[in-house]
Amino acid sequence: MWLFYHKLGSPRYFYNLSGKLLPWFGWLTLLLILVGGYWGLVLAPPDYQQGDSYRIIYIHVPAAWMSLFVYIVMASAGAVGLIWKMKMADIVASCSAPLGAAFTFLALVTGSLWGKPMWGTYWVWDARLTSELILLFLYLGFIGLEAAIDDKRTAANACAVLALVGVVNIPIIHYSVEWWNTLHQGSTVTRLDKPAMDINMLIPLLLMWLGFMFYFGTSLFMRARNEVLHRERDTTWVKELVVE
Amino acid sequence: MGLLPKKAHRRKKLGLIVLMIMGVGVAVGMVSMALKENINLFFSPTQVVGGEAPMNHNFRIGGLVRTGSVKRSNDSLEVSFDVTDTAKNLPVIYTGILPDLFREGQGIVAQGKLRADGTFVASEVLAKHDETYMPPEAAEAIKNAQKMQATLKE
């Protein structure tokens, strides 16, 4: 366990491993999103109340789940970077931030477009919507803070602290619909009871989510590999790689 | 023990991080508990009838549209209905276009003011939908099953 952990911390090892995984991740992303998308948008039945409009759920919910998941990845990587001063962890945290911000933005926009026809408004300051907006600001703050500090180590440490402080927002987002009165409805899938969704609607939703997960993996690997090459440009292994 | 960092200074750092997250968590928890009433988006009819809602101020109410209470005016867009949390009812009047999901039994959130006679004059009505998604046939089947149950009881 510890051996693998230390190996993964080496940029060179990461570069080689991610290079092997990358095509698999890419094709899985494509396959899952195509199957999930077709199933969700064409095959799944319409909703008894919302008709076909509910189908935006197949983008909205996976994007919202990813916005939380990527934040946890980013904050964990930040913690690892703080404790073990691991270069790879800094890179993973820094490359996750823009992806997480994009998922958060997507969740907010699709939610807003869904809110207008169903609720009657694009935006309302309820606890769920507001805490998700704060998540977007946390991501943007992370990106801004990193760009403002020249030294990479210092930047990574400062950003890790910011990310870790922001972790408190994650359970708030998830439980906001239970703790407070909100316009946003409660959780359909991530609850102790069985999901409140027809199985034929649920499967494509989970497929789309897996597709989003693999998309995140693919993008993270691609970004991190670039960053590895850039940061390690003075080492012999990178020079050898470039000469080839 | 196997999962903890081996070196003492790293363990210390991990401890600091855990402490920091817990500290921030407790602080935010206490703040949001203190602000609970402000974070809640709406008041329930019971709270309004009990006098907890502000007079002469805009606020939001939330609840279900009581079945059989919706009355539409013949010559204007005025609608009147009761909002209920099954314990208390609150009469609401609203002039304007209602969202598609507005119907009897549906959850709504309305913004407006309380009139002296206890009627809530809404300036905006939003529909809340629940977390259940199912095809129309399934909803129909559930309704029929409930009807069957009801007739059997009679």
Side-chain angles (χ1 to χ4, degrees), chain A residues 1-2 44-51 53-54 57 75 78-80 82-85 114-121 124-131 160-161 164-169 171-172 176-177 179-189 191 195-202 205, chain B residues 2-3 5-7 9-14 16-18 20-29 32-33 35-44 60 62 96-103 106-109 111 124-140 142-143:
Chain A
M1 158 85 197
W2 279 105
D47 181 52
Y48 74 118
Q49 280 205 322
Q50 304 186 39
S53 313
Y54 90 97
I57 200 175
V80 170
L82 273 182
I83 298 168
W84 284 277
K85 303 200 183 311
W114 194 3
K116 186 61 183 170
M118 288 307 140
W119 296 343
T121 179
V124 62
W125 292 100
D126 86 347
R128 171 56 72 79
L129 277 64
T130 310
S131 55
V161 172
L164 286 167
V165 169
V167 162
V168 73
N169 194 28
I172 292 184
S176 55
V177 289
W179 290 343
W180 298 292
N181 292 336
T182 53
L183 185 61
H184 196 288
Q185 72 285 1
S187 304
T188 299
V189 183
R191 56 187 207 166
M197 197 177 199
D198 192 76
I199 190 76
N200 222 342
M201 302 164 157
L202 182 64
L205 184 64
Chain B
L3 278 170
K6 288 191 191 101
K7 294 211 175 95
H9 72 276
R10 287 183 181 158
R11 273 211 298 276
K12 209 170 127 193
K13 240 180 195 167
L14 180 68
L16 275 176
I17 289 175
V18 170
M20 182 180 77
I21 293 179
M22 276 172 20
V24 175
V26 168
V28 172
S32 51
M33 219 128 58
L35 293 178
K36 187 161 177 36
E37 287 310 309
N38 300 48
I39 298 175
N40 278 336
L41 186 72
F42 52 81
F43 291 92
S44 67
R60 289 199 182 90
I97 294 165
L98 292 161
D100 287 357
L101 280 184
F102 182 92
R103 60 195 72 160
Q106 183 77 31
I108 59 139
V109 173
Q111 181 161 33
E124 185 188 37
V125 174
L126 304 176
K128 214 171 132 62
H129 65 77
D130 64 6
E131 65 274 23
T132 329
Y133 299 89
M134 56 181 153
E137 304 86 57
E140 195 64 29
I142 290 174
K143 226 194 246 167

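Everything quoted here is computed from the prediction, not taken from an experiment. First the proteins, then the strands, lettered A, B, ... as listed; each starts at 1.
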Point to revise | Which portion of A:Met197 sits near chain B, non-hydrogen atoms under 4.5 angstrom | key: both
Review point. How close do A:Leu183 and B:Leu41 get, heavy atom to heavy atom, and via which atoms?
Key: N-CD2, 3.5 Å
Review point. Which one of A:Pro45, A:Ala75, A:Pro46 has the most heavy-atom pairs closer than 4.5 Å to chain B?
Key: A:Pro46
**Study point:** Which atoms of A:Val124 approach chain B - backbone, side chain, both or neither, heavy atom under 4.5 Å
**Key:** side chain
Review point. Heavy-atom distance under 4.5 Å to chain A: side chain of B:Val28, backbone, both or neither?
Key: side chain
Point to revise | Under the side chain to side chain contact (heavy atoms under 4.5 Å, CB included) test, residues paired with A:Lys85 that sit two or more places apart | key: A:Arg153, B:Lys13
Revision key, fill the gap. Closest heavy-atom pair, B:Pro136 versus A:Tyr48, reported as atoms and distance to 0.1 Å, is CA-CB, 3.7 Å
Practice item. Test A:Trp180 against B:Ser32 for side-chain contact (heavy atoms from CB on, under 4.5 Å), laying out the working first. Key: CA-CA 10 Å; A:Trp180 298 292; B:Ser32 51; 3.7 Å; yes
Check your understanding: From A:Gln49 CD over to B:Met134 CE, what is the distance, rounded to the nearest 0.5 angstrom?
Key -> 8.0 Å
Practice item. For atom CD1 of B:Ile97, decide whether the heavy atoms of other residues, nucleotides or ligands shown that lie under 6.0 angstrom number more than 12. Key: no
Check your understanding: Mind checking what makes side chain to side chain contact (heavy atoms under 4.5 Å, CB included) contact with B:Phe42, not counting sequence neighbours?
Key -> A:Asn181, B:Arg60, B:Val109
**Study point:** Residue A:Ile57 versus chain B: region with a heavy atom under 4.5 Å
**Key:** side chain
Practice item. Give the member of A:Asp198, A:Ile83, A:Val168, A:Leu202 that has the highest number of heavy-atom pairs under 4.5 Å with chain B. Key: A:Ile83
Exercise for review: Please say which of A:Val161, A:Leu164, A:Val167 ends up in a side chain to side chain contact (heavy atoms under 4.5 Å, CB included) with B:Ile17.
Suggested key: A:Leu164
Review point. With a 4.5 angstrom heavy-atom cut-off, which part of B:Gln106 approaches chain A: side chain, backbone, both or neither?
Key: side chain
Review point. Between B:Met20 and chain A, which part of the residue has a heavy atom less than 4.5 Å away: side chain, backbone, both or neither?
Key: side chain
Point to revise | Minimum heavy-atom distance A:Met118-B:Pro99, with the two atoms named | key: O-CB, 4.0 Å
Exercise for review: Please state whether the side chain, the backbone, both or neither of A:Ser176 comes within less than 4.5 Å of a heavy atom of chain B.
Suggested key: neither
Review point. When heavy-atom pairs shorter than 4.5 Å are enumerated against chain A, which of B:Ile108, B:Val24, B:Leu98, B:Val125 gives the highest number?
Key: B:Val24
Point to revise | Heavy-atom contact with chain B under 4.5 Å, split by part of A:Ile199 | key: neither
Revision key, fill the gap. In short, B:Lys128 meets A:Thr182 closest at the heavy-atom pair NZ-O, 2.7 Å
**Study point:** For B:His129 against A:Trp119, the heavy-atom pair lying closest together
**Key:** CD2-NE1, 3.6 Å
